[in-house]
There are 2 protein chains.
Amino acid sequence: MAEQTQYEELARQLSAIGAVKRDMARILPHDCPGGSAAVLTLLGRHGDMRMSRLAELLAVDMSVTSRHVAHVAERGWIDRSPDPADKRSRILRLTDAGRDRLDELSRRTTELLAHRLGDWTDDEVGQLIGLMTRLRESFGDCRPASRVTPPALAAEAAAHGTHAAPVSTQTTRTPA
Amino acid sequence: MAEQTQYEELARQLSAIGAVKRDMARILPHDCPGGSAAVLTLLGRHGDMRMSRLAELLAVDMSVTSRHVAHVAERGWIDRSPDPADKRSRILRLTDAGRDRLDELSRRTTELLAHRLGDWTDDEVGQLIGLMTRLRESFGDCRPASRVTPPALAAEAAAHGTHAAPVSTQTTRTPA
DNA sequence: TATTGTTATACTCTATAACTATA
DNA sequence: TATAGTTATAGAGTATAACAATA
């Protein structure tokens, strides 16, 4: 159990990390804001999925997810095919163009981080990743009460899995 | 030097940390959004200062700082007295009401973090703080090119110091 | 009746540019 | 001419609520 002073300092660091995120966002292509980039990244990592699953991974409301998805779909980076098993749902899938876009994003991100964190060791980066992952886990599903996927449904979704085989490597155990 | 996979994972974690920030923001009073809370926090830590110094600590443009400051000033949480040495500047100072507000914010923040991070050790929280601090340092002053305080002026500002004696302890070397 | 997803609306945060007052 | 600060405007992200289609 940490002291109050530490908690206040952590809160300050969380508030200030926004500057880092903004610096990262600044290298994104003009037609691909952060929300779109997140959609492409998660589809690339976890493979095809439904809106509700994506909203869960993004940790935002489904209405927000819907807007981000509409944006990338308009640009032809993903397909939205109807789910044969549930006509209310749509299956999201990266197109070839979307995969190209994602490769470009990865390239830019890696380049920026390699430049900024040139003096960090592999181990140090790993420690930060591990602690940030654990931080998110400690906060759990902290979206506003309404319309949060209940545990039962989350389990069902996990068991259900993605409808198409994810081509991307799934090397990490991180939630998202 | 870390691998590309790690960089991509770190980028993902930075993107996803927003959910934690939103959960923190949810406990703020209705008339005190995140920007206002940040202003109060920094004034409490570093003592009285000018707009430009606050913008530097917030790592946002001065126009943004101006809006946040106007909001807290309207509510009587800070004073904006003219700087006798430079009539263009204003000295920002927490009022008693502002200090009360800040205490309330600290209380809520600490309570939430104590709840969420109950199973974290003091050392683990310290590690996360340390790595996040270093991350911000590695990114440095990454605000958009225009109107970023040049090094010479930053040094001058540091030497200049705060106009009134900061009551708060200045025990850390962290940029903000 | 409950769930999936969409849309309309509102709020917060941010940056750019134009403007004023002072140095 | 340059700097400190303000304001107007625009863009991105998010949540809430109302709605349509389907289970």
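Within every chain, numbering begins at 1; the chains are lettered A, B, ... in the order of the sequence lines, protein sequences first and strands thereafter.
- One finds no side-chain N or O of B/H71 lying less than 4.0 angstrom from the OP1 or OP2 phosphate oxygen of C/dT12.
- Per the geometry, NE2 belonging to A/H68 stands 15 Å off C1' belonging to C/dT7, to the nearest Å.
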task = Just do the side chain to side chain contact (heavy atoms under 4.5 Å, CB included) check on A/R108 and A/E104 with the steps written out, would you?
result = CA-CA 6 Å; A/R108 293 194 190 197; A/E104 168 68 11; 2.7 Å; yes
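- Distance CD (A/E56) to C1' (C/dT4): 14 Å, rounded to an integer number of Å.
- For the pair A/R88 CZ and D/dT22 P, the computed distance is 10 Å after rounding to whole Å.
- Within the nucleic acid shown, A/S89 comes within 4.0 Å of sugar-phosphate atoms alone, with no base atom in reach, counting heavy atoms only.
- In this model, the phosphate group of C/dG5 is approached by a side-chain N or O of A/S52 to a distance below 4.0 Å at OP1 or OP2.
- In the set D/dT3, C/dG5, D/dA23, the nucleotide with an atom closest to the side chain of A/K87 is D/dA23.
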message = salt bridge (charged side-chain N to carboxylate O under 4.0 Å, His left out) for B/D96 and B/R99? Distances and angles first, verdict last.
response = CA-CA 5 Å; B/D96 289 340; B/R99 209 165 283 279; 5.5 Å; no
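- Nearest-nucleotide positions on DNA chain D place A/G35 closer to the 5' end than the other of A/G35 and A/D86.
- Rounded to an integer number of Å, the gap from A/E74 CD to C/dT6 C1' is 13 Å.
- When distances run from any side-chain atom of B/S63 to the nucleotides C/dT16, D/dT14, C/dG5, the shortest one goes to C/dT16.
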task = Any chance you could lay out the side chain to side chain contact (heavy atoms under 4.5 Å, CB included) test for B/R53 and B/L57, step after step, and finish with the verdict?
result = CA-CA 6 Å; B/R53 166 77 170 141; B/L57 291 175; 3.6 Å; yes
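- With rounding to whole Å, A/M62 atom CE is found 17 Å from D/dA20 atom P.
- Annotation: of the two residues near DNA chain C, A/R90 and B/S36, the 5′-most nearest-nucleotide partner is A/R90.
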task = Please assess A/R12 against B/R45 for the test side chain to side chain contact (heavy atoms under 4.5 Å, CB included), listing each intermediate value before the final yes or no.
result = CA-CA 11 Å; A/R12 171 71 201 127; B/R45 278 200 193 190; 3.2 Å; yes
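- Taking atom CZ of A/R50 as the reference point, atom C1' of D/dA23 lies 11 Å away to the nearest angstrom.
- Remark: P of D/dT14 and CZ of B/R22 are 5 Å apart, rounded to the nearest angstrom.
- Residues A/T109 and B/E8 bring no donor and acceptor atom of their side chains to less than 3.5 Å of each other.
- Contact annotation for B/G34: backbone-only contact, meaning every heavy-atom pair under 4.0 Å involves sugar-phosphate atoms and none involves a base.
- Here B/R26 does not reach the OP1 or OP2 of D/dT14: none of its side-chain N or O atoms lies under 4.0 Å away.
- Looking at heavy-atom distances under 4.0 Å, B/R67 makes contact with a base.
- Rounded to an integer number of Å, the gap from B/M51 CE to C/dT20 P is 19 Å.
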